[in-house]
Novice: 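After the structure tokens below, expect a handful of questions from me.
Given the structure is predicted, the values throughout are model-derived calculations rather than measurements.
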Amino acid sequence: QVRLVESGGGLVQAGGSLRLSCVQSGRATNTYHMSWFRQAPGKEREIVAAIGRSGTAVYYADSVKGRFTISRGGARNTVYLQMNSLEPDDTAVYYCAADNQYYNGHTYSPEFWGQGTQVTVSS
């Protein structure tokens with residue numbers, strides 16, 4: 001069973017930065033494609049960023065392009081989401097996800113999910 005544990009969420013002022021981390025553990029033998037999702041109150045879950053197994057293929061939602069950066073750690077069992085120039089609209093629960101398939105640009109339902117970490121951006 002794959003376990004994903006997120007950390008790094010918190011309360012930050014608009015314009016500030018946060019760095020989220022997601023650590024993968026468990027008995028899985030392969031390296032997964034990783035992604036970050038978020039869900040704000042009253043809104044549906046949306047994909048924020050995705051990164052391929054090698055760390056070279058990346059995707060960003062239009063709402064975060066130029067502000068967020070997804071990356072893998074050296075051991076490739078950790079994925080980060082660097083969030084800069086945060087806005088109140090970025091307030092949401094952020095979830096780390098893992099899957100054997102890379103995001104296809106249309107629909108995506110990763111197999112494994114973290115518990116989520118709250119990000120709150122105040123104005």
Novice: Just checking F68 against Y60, ring centres under 6.0 Å apart?
Specialist: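 Ring centroids of F68 and Y60 are no less than 6.0 Å from each other.
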Novice: Linking Ile, Leu, Val, Met, Phe, Trp and Tyr through side-chain heavy atoms less than 4.5 Å apart, which residues share a cluster with V23?
Specialist: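 Answer for V23: none, a lone residue.
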Novice: Test of understanding: with side chain to side chain contact (heavy atoms under 4.5 Å, CB included), list the residues that count as partners of D89, not counting sequence neighbours.
Specialist: none
Novice: Going by side-chain heavy atoms closer than 4.5 Å, which hydrophobic residues are tied to W113, directly or by a chain of links?
Specialist: F37, I47, Y59, V93, Y95, Y102, Y103, Y108
Novice: Heavy-atom count check: over 12 atoms from other residues, nucleotides or ligands less than 6.0 Å from Q101 CD?
Specialist: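 For Q101, atom CD is not crowded (no more than 12 foreign heavy atoms under 6.0 Å).
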Novice: Do Y80 and C22 pass the side-chain contact (heavy atoms from CB on, under 4.5 Å) test, and can you show the C-alpha distance, the side-chain angles, and the key distance before you say yes or no?
Specialist: CA-CA 6 Å; Y80 304 100; C22 174; over 6 Å; no
Novice: Counting neighbours of CZ on R3 that are heavy atoms of other residues, nucleotides or ligands and sit closer than 6.0 Å, is the number greater than 12?
Specialist: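 Atom CZ in R3 is not crowded, with 12 or fewer foreign heavy atoms closer than 6.0 Å.
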Novice: In the structure I gave you, are the side-chain heavy atoms of D90 and R67 within less than 4.5 Å of one another anywhere?
Specialist: yes
Novice: Using side chain to side chain donor-acceptor pair (under 3.5 Å) as the criterion, list what pairs up with E44, not counting sequence neighbours.
Specialist: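 If we apply the side chain to side chain donor-acceptor pair (under 3.5 Å) test to E44, skipping adjacent residues, there are no hits.
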Novice: What is the distance from atom CD of Q82 to atom OG of S21, rounded to the nearest 0.5 Å?
Specialist: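 If I round to the nearest 0.5 Å, the distance is 9.5 Å.
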Novice: Using the rule that Ile, Leu, Val, Met, Phe, Trp and Tyr join whenever any side-chain heavy atoms are under 4.5 Å apart, tell me whether V119 and I70 fall into a single cluster.
Specialist: yes
Novice: Using 0.5 Å steps for rounding, measure from the OH atom of Y94 to the CZ atom of R45.
Specialist: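 So the OH of Y94 and the CZ of R45 are separated by 14.5 Å.
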Novice: Quick one: CG on L81 to SG on C96, what's the gap to the nearest 0.5 Å?
Specialist: 9.5 Å
Novice: What is the distance from atom OG of S122 to atom CD of Q13, rounded to the nearest 0.5 Å?
Specialist: 3.0 Å
Novice: Which residues satisfy the side chain to side chain donor-acceptor pair (under 3.5 Å) test with E111, sequence neighbours excluded?
Specialist: none
Novice: Report yes or no: do L86 and L11 belong to one cluster of Ile/Leu/Val/Met/Phe/Trp/Tyr joined by side chain heavy-atom distances under 4.5 Å?
Specialist: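 Per the 4.5 Å side-chain linkage, L86 and L11 are not co-clustered.
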Novice: Can you tell if the side chain of R72 reaches within under 4.5 Å of the side chain of I51, non-hydrogen atoms only?
Specialist: yes
Novice: If we check side chain to side chain contact (heavy atoms under 4.5 Å, CB included) with D99, which of these qualifies: S35, P110, S109?
Specialist: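 Filter result, single survivor: P110.
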Novice: Could you tell me which non-hydrogen atom of M34 sits nearest to which non-hydrogen atom of A98, and how far apart they are?
Specialist: SD-CB, 3.5 Å
Novice: How long is the straight-line distance from CG of N84 back to OG1 of T69, given to the nearest 0.5 Å?
Specialist: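 Separation between the atoms: 6.5 Å.
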Novice: Quick one: does any side-chain atom of T78 pair with a main-chain N or O of G73 as donor and acceptor, under 3.5 Å?
Specialist: no
Novice: Between S71 and R19, what is the shortest heavy-atom contact and its length?
Specialist: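 That would be OG-NH2, 4.2 Å.
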Novice: F112 and V5: same hydrophobic cluster, using ILVMFWY side-chain contacts below 4.5 Å?
Specialist: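 In one cluster with F112: V5, no.
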Novice: Output the distance between atom CG (L20) and atom CE (M83), rounded to the nearest 0.5 Å.
Specialist: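 So the CG of L20 and the CE of M83 are separated by 3.5 Å.
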Novice: Heavy-atom distance under 4.5 Å between the side chains of L4 and E6, does that happen here?
Specialist: no
Novice: So do the side chains of E46 and R38 get within less than 4.5 Å of each other, counting heavy atoms only?
Specialist: yes
Novice: Check salt bridge (charged side-chain N to carboxylate O under 4.0 Å, His left out) between K43 and all other residues, then give those that pass, not counting sequence neighbours.
Specialist: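 K43 satisfies salt bridge (charged side-chain N to carboxylate O under 4.0 Å, His left out) with no residue once adjacent residues are dropped.
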Novice: Please test E87 against S63 for side-chain contact (heavy atoms from CB on, under 4.5 Å), starting from the C-alpha separation and ending with a verdict.
Specialist: CA-CA 10 Å; E87 305 168 353; S63 59; over 6 Å; no
